[in-house]
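Encoded as structure tokens, the structure appears first; notes follow it.
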Amino acid sequence: MAAAVIKKFFIASMFMWIAPLAILYGFNHNLLPGSTNLSPHAMTLVSGFVAVISVNIVIAFYIYMAMKEPVDKHEPDPKFLADAKASASQPMSEAPTSSESIKKRE
């Protein structure tokens, strides 16, 4: 299961790099329809805006895919819980002290 999560993360990360670069390349080389009619200033603004929107779409898609992941409710180890409850209920004076803290007191 962890391998599938890492694979999805890797693919989303690659699209977060590829999509904006492809959009900027397309605008700068007049590969996208309508980009030839824009002034250089407008082309820079529009290509940057569309590139940022593409990254946000990739992030939204990745969040959507993460929300669809199966959720296995984690059950803690019963022995760990019993030990934690026992140590929490002990008074502070009975708590074991380390040798370093004893040396510091001396």
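Only heavy atoms go into these numbers, but all of them, side chains included; no hydrogens, no water, no symmetry mates.
- Smallest separation of non-hydrogen atoms from Ala12 and Val58: O-CG1, 3.5 Å.
- Connection of Val50 to Leu38 is established within a shared hydrophobic cluster, with ILVMFWY side chains joined at heavy-atom distances below 4.5 Å, either directly or through further cluster members.
- When the shell of 6.0 Å around OH of Tyr62 is examined, it contains more than 12 heavy atoms from other residues, nucleotides or ligands.
- Proximity of Phe15 to Ile11: side-chain heavy atoms (C-beta onward) are separated by under 4.5 Å at one or more points.
- Residues Tyr64 and Ile6 fall into different hydrophobic clusters, defined by Ile, Leu, Val, Met, Phe, Trp and Tyr side chains chained together at heavy-atom separations under 4.5 Å.
- The OG1 atom of Thr36 lies 8.0 Å from the CE atom of Met43; values are rounded to the nearest 0.5 Å.
- For the atom pair CG of Asn56 and CE of Met16, the computed distance is 9.0 Å after rounding to the nearest 0.5 Å.
- Distance CG/Leu31 to CD1/Ile23: 12.5 Å, rounded to 0.5 Å.
- To the nearest 0.5 Å, atom CD1 of residue Ile18 and atom OG of residue Ser54 are 11.5 Å apart.
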